[in-house]
Amino acid sequence: MEVHIAIFPSPGMGHLIPLTELAHRLLRLLHGQVFITFIIPTAVGAPIKPQNDILNDMPENVASVFLPPVDLNDLPPDASLGARISLTLTRSLPALRETLAELTHDSTRKLPSALVVDIFGPHSFEIAKEFDISSYIFSTVSAMTLVSIFHVPLLNEMFPGGLSEPVTFPGCVAVQPTDFFVRARDYDQVGLFKMFNLAKGILVNSYVELEPAAFKAMEEGEWCKPDIFPVGPLTRTSSDQQTNDGFECLKWLDKHPVGSVLFVSFGSGGRLSQKQLDELAFGLERSGQNFLWAIKSPSEKLDASYFGAKGDPDPYSFLPNGFLDRVKDRGLVVSSWVPQVEILGHNSIGGFLTHCGWNSILESIANGVPMIGWPLYAEQQMNAVNLTDGLGVAYRVKVGENGLVGRDEIEKCVRSLIEGEDGRKMRTKIAKLKESGAMALSQDGSSTRAVLHVAKNWAV
């Protein structure tokens with residue numbers, strides 16, 4: 001019997017891509033007996049072409065509907081990323097209701113039995129209930145972060161004076177207040193996170209073997225009511241497009257020895273200030289190591305690229321004078337899209353300096369590449385803690401008193417990762433995680449069983 005599910009993602013490729021990978025996996029495991037409708041919220045002025053491109057490449061059993069763009073111009077310029085994402089979704093709810101109503105009147109297709117939303121989407125649960133559709137969450141964050149989300153509504157009770165000491169949630173390593181993704185006394189997302197317990201189930205883009213204690217805590221804890229399905233790692237195995245820059249950078253990597261190149265990227269949304277960009281450039285130069293740097297022009301706002309930069313100036317012009325000439329024999333700086341999956345899978349890559357976005361972490365683990373964690377926003381600080389204190393597969397850069405990561409610190413971390421003994425130990429550890437991730441996705445692996453289990457629920 002064919003299963004039909006609707007997927008309502010948050011804006012941004014980092015939320016859409018793992019959900020498209022989930023769709024691919026469902027189609028493979030259910031032998032095509034599933035139909036998936038992506039319902040895409042958009043904001044006025046935000047680019048939709050990247051999303052449209054990836055959805056157009058999906059198999060014929062996958063349809064997509066772009067909702068009318070909502071206006072966010074009433075928000076102040078310094079509105080948080082979370083506020084922009086949340087409002088894009090909540091202001092799209094009337095259009096979501098109309099779309100689900102249209103699907104119920106489509107005589108050619110079975111009514112969706114489940115609505116799958118990501119972590120910003122639980123406000124849609126009431127609409128799903130109107131159509132007798134079960135609500136599920138797809139967690140684009142780690143199991144550790146998900147555990148902490150369940151505890152956010154309890155923070156005022158647990159810490160009436162605010163977080164001032166390290167906090168250890170069940171099944172997780174200790175987190176400093178400054179690393180917690182919800183700042184002390186700033187619990188404006190409590191209402192959203194309370195809704196997580198209204199979901200029938202939560203699909204987590206992680207796997208039991210990677211975060212066993214966190215998954216066990218959710219299974220046993222009374223504070224976690226939905227069924228938990230570890231379905232990851234859902235990562236791109238190959239890029240959906242190729243560009244001249246991407247092709248050239250891969251040819252450049254071919255010229256370097258195994259494990260000798262550091263890949264530097266802060267994801268699709270992250271940016272550095274001009275002062276911080278200078279420090280990074282000088283640190284890479286002084287390290288003496290080979291590097292491939294996917295660069296963006298500077299901004300004082302760390303997540304300035306998330307909704308798409310407009311009129312982005314040439315990032316090369318912001319590099320220190322003479323930098324490109326001085327590193328030309330061992331460094332390549334690329335200013336446009338790069339094929340991250342292929343880069344991380346190239347045998348010359350020996351490390352990844354990353355913003356600690358969960359998708360990037362999973363891609364690095366899937367390719368057995370140890371990391372230097374440089375978190376910028378959202379839950380990335382917690383991910384960095386997980387990588388260093390929990391998994392032991394990354395260094396974390398130290399921020400100086402001036403708020404910058406200094407060139408000396410960068411040089412030290414890069415040297416240690418690429419040519420140091422600690423870096424070698426991290427490579428050994430992450431190689432085992434790579435193997436366990438592949439096993440989880442195998443025919444009888446833990447994540448395969450979880451996907452089949454939740455799909456069986458949808459077919460009822």
Where at least one partner belongs to residues 343-372, residue pairs that pass salt bridge (charged side-chain N to carboxylate O under 4.0 Å, His left out), sequence neighbours excluded =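 Every salt bridge (charged side-chain N to carboxylate O under 4.0 Å, His left out) pair that includes a residue of residues 343-372, provided the two are not neighbours, is Arg236-Glu363.
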Under 3.5 Å side-chain donor-acceptor pair for [X] and [Y]:
X	Y	result
Arg25	Ser447	no
Thr145	Ser148	no
Asp254	His346	yes

Distance-only, no hydrogens or angles: does the Gln274 side chain make a donor-acceptor pair with backbone N or O of Phe318 under 3.5 Å?
->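 Yes.
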Between the side chain of Ser446 and the main-chain N/O of Val208, is any donor-acceptor distance below 3.5 Å?
->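 No: the side chain of Ser446 does not pair with the backbone of Val208.
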Determine the interplanar angle of the Trp293 and Phe323 rings, folded into 0 to 90°, and report it as parallel if under 30°, tilted if 30 to 60°, perpendicular if over 60°.
-> perpendicular
Any salt bridge between [X] and [Y], counting N to O under 4.0 Å?
X	Y	value
Arg424	Glu421	yes
Glu279	Lys275	no
Arg286	Asp408	yes
Glu435	Lys432	no

With sequence neighbours excluded, tell me which residues meet salt bridge (charged side-chain N to carboxylate O under 4.0 Å, His left out) with Arg449.
-> none
First locate atom CG of Leu272, then atom NZ of Lys296, and finally report the distance between them rounded to the nearest 0.5 Å.
->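 That separation rounds to 9.5 Å.
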How many angstroms lie between atom CD1 of Ile365 and atom OG of Ser360, to the nearest 0.5 angstrom?
->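 Going from CD1 on Ile365 over to OG on Ser360, the span is 11.0 Å.
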When the side chains of residues 255-262 are checked against the rest of the protein, which donor-acceptor pairs come out under 3.5 Å, sequence neighbours left out?
| unit_1 | atom_1 | unit_2 | atom_2 | d |
| --- | --- | --- | --- | --- |
| Ser260 | OG | Pro257 | O | 2.8 |
| Ser260 | OG | Asn290 | ND2 | 3.4 |

Any side-chain heavy atom of Phe169 sitting closer than 4.5 Å to one from Leu146?
->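 The answer is no, as the side chains (C-beta and beyond) never meet within the 4.5 Å cut-off.
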